[in-house]
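Here's the structure we're looking at; comments come further down.
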Amino acid sequence: MQRSEHPLIDEAALQQRVAELAQEVRRAYPDALPLCLCVLKGSVFFAADFVRHLGPEVELDFIRARSYLGLHSSGTVALTHTPEADLRGRHLLVLEDIVDTGRSARVILDWLDAQAPASVRLCTLLDKPSRRELDVTPDFVGFSIPDAFVVGYGLDHNERYRALRAIYILEPPAKIS
Ligand code: 5GP
């Protein structure tokens, strides 16, 4: 597999949209900012840029769901890290890198709902609605993308490509005829 020569979403478009998303979220929470929950590992760069647009008073914590094997979701999702903050009565905003089948987000949202928060909303940088298997509708979406496997800006393939500044499609090598 190799990444596409040209980005699907370049760095400038990513940075502009992340700033816009933060504005949308600010408008949706006029009274107090939500506790942001970065979903490890894929959301680290998105969350870092996003919360800095929200402002210095924002709180950030981390959650980790492991599910993905190779190019297809495994179907089983386990939370391997949960937030340290007390979530009871808090307004929570989950920061996801990508919602694909919806399995990871569903497990995270169900677990968070069980912690008796004041509210839970989902903000995803990327959404692949055509792949959805479970009923998960993000409240905030950066970009809707087609059914392709993408890497960069935190998204990996076997732990590689996370540090790319733009988002690329991962393609099989061209066939030699
Ligand atoms: P879901 O549970 O919605 O099927 O998948 C969510 C997780 O699968 C994401 O958090 C991400 O780790 C992984 N994933 C889904 N689609 C892609 C993709 O196109 N590229 C990469 N790198 N990971 C993906």
Side-chain angles (χ1 to χ4, degrees), residues 1-11 13-15 17-18 21-22 25 34-51 60-83 92-115 120-174:
M1 299 292 278
Q2 58 194 23
R3 70 179 164 94
S4 53
E5 188 184 344
H6 301 291
L8 176 68
I9 306 169
D10 68 22
E11 185 179 3
L14 271 176
Q15 292 301 330
R17 186 71 190 115
V18 172
L21 264 184
V25 166
L35 167 59
C36 291
L37 299 175
C38 167
V39 181
L40 296 170
K41 299 181 191 175
S43 305
V44 280
F45 297 104
F46 167 46
D49 288 337
F50 177 85
V51 297
L60 179 64
D61 210 322
F62 299 88
I63 191 163
R64 184 161 192 203
R66 301 207 63 179
S67 72
Y68 220 72
L69 296 172
L71 290 179
H72 299 283
S73 299
S74 69
T76 12
V77 178
L79 296 187
T80 58
H81 178 82
T82 54
L92 308 178
L93 182 64
V94 179
L95 302 178
E96 267 280 20
D97 50 355
I98 189 164
V99 179
D100 185 30
T101 64
R103 288 178 193 279
S104 307
R106 185 75 275 148
V107 168
I108 291 169
L109 295 172
D110 287 350
W111 186 85
L112 291 174
D113 275 337
Q115 310 309 307
V120 186
R121 287 199 247 189
L122 174 62
C123 176
T124 187
L125 178 68
L126 304 177
D127 190 15
K128 284 200 259 184
S130 65
R131 295 257 311 157
R132 200 75 90 251
E133 293 174 11
L134 299 183
D135 180 22
V136 172
T137 308
D139 300 278
F140 307 92
V141 174
F143 300 89
S144 274
I145 63 167
D147 179 10
F149 192 85
V150 293
V151 294
Y153 198 57
L155 289 141
D156 75 310
H157 178 241
N158 295 337
E159 296 301 326
R160 294 174 62 209
Y161 303 117
R162 288 192 200 279
L164 290 168
R165 291 176 185 273
I167 291 186
Y168 296 82
I169 293 178
L170 204 63
E171 298 169 331

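Given the structure is predicted, the values throughout are model-derived calculations rather than measurements. Just so you know, ligand 1 is whichever comes first in the structure, and atom 1 is the first atom listed for that ligand.
Within a 6.0 Å sphere centred on CZ of Arg64, heavy atoms belonging to other residues, nucleotides or ligands number more than 12. More than 12 non-hydrogen atoms from other residues, nucleotides or ligands lie less than 6.0 angstrom from CD of Glu159.
Within the structure, ligand 1 lacks Arg106 among the residues with a heavy atom less than 4.0 angstrom away. In this structure, Ser43 has no heavy atom closer than 4.0 Å to ligand 1. For Arg131, the heavy-atom gap to ligand 1 stays at 4.0 angstrom or more.
Nearest heavy-atom pair, Asp147 versus Lys128, reported as atom, atom and distance to 0.1 Å: CA-CD, 4.2 Å.
The aromatic rings of Phe46 and Tyr153 lie tilted to each other, with the angle between the two planes from 30° to 60°.
Residue contacts with ligand 1 for Lys128 involve side-chain atoms from C-beta outward but no N, CA, C or O (heavy atoms, distance under 4.0 Å). Contact annotation for Ala65 and ligand 1: no heavy atom of the residue comes within less than 4.0 Å of the ligand. At a heavy-atom distance under 4.0 Å, only side-chain atoms of Glu96, from C-beta outward, approach ligand 1. Contacts with ligand 1 closer than 4.0 Å are made by no heavy atom of Val136, backbone or side chain.
The ligand atoms of ligand 1 that sit less than 4.0 angstrom from a heavy atom of Ala148 are 19 (O). Against a heavy-atom cut-off of under 4.0 Å, Asp156 is close to the following atoms of ligand 1: 21 (C), 22 (N). Per-residue contacts place Thr101 under 4.0 angstrom from the following atoms of ligand 1 (heavy atoms of the residue considered): 1 (P), 2 (O), 3 (O), 4 (O). Close contacts of ligand 1 with Val150, meaning ligand atoms under 4.0 Å from a residue heavy atom, involve 18 (C), 19 (O), 20 (N), 21 (C), 22 (N).
With Ile167 as reference, Leu125 is the one residue of Leu125, Ile145, Val151 to meet the side chain to side chain contact (heavy atoms under 4.5 Å, CB included) rule.
For the pair Leu37 and Leu35, the minimum side-chain heavy-atom distance is below 4.5 Å.
Among Gly42, Ser104, Gly102, the residue whose heavy atom sits closest to atom 7 (C) of ligand 1 is Ser104.
Electrostatic pairing of Asp127 and Arg132 counts as a salt bridge here, judged by a charged N lying under 4.0 Å from a carboxylate O.
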Could you walk me through whether Leu14 and Phe143 pass the side-chain contact (heavy atoms from CB on, under 4.5 Å) test, one step at a time?
CA-CA 9 Å; Leu14 271 176; Phe143 300 89; 4.0 Å; yes
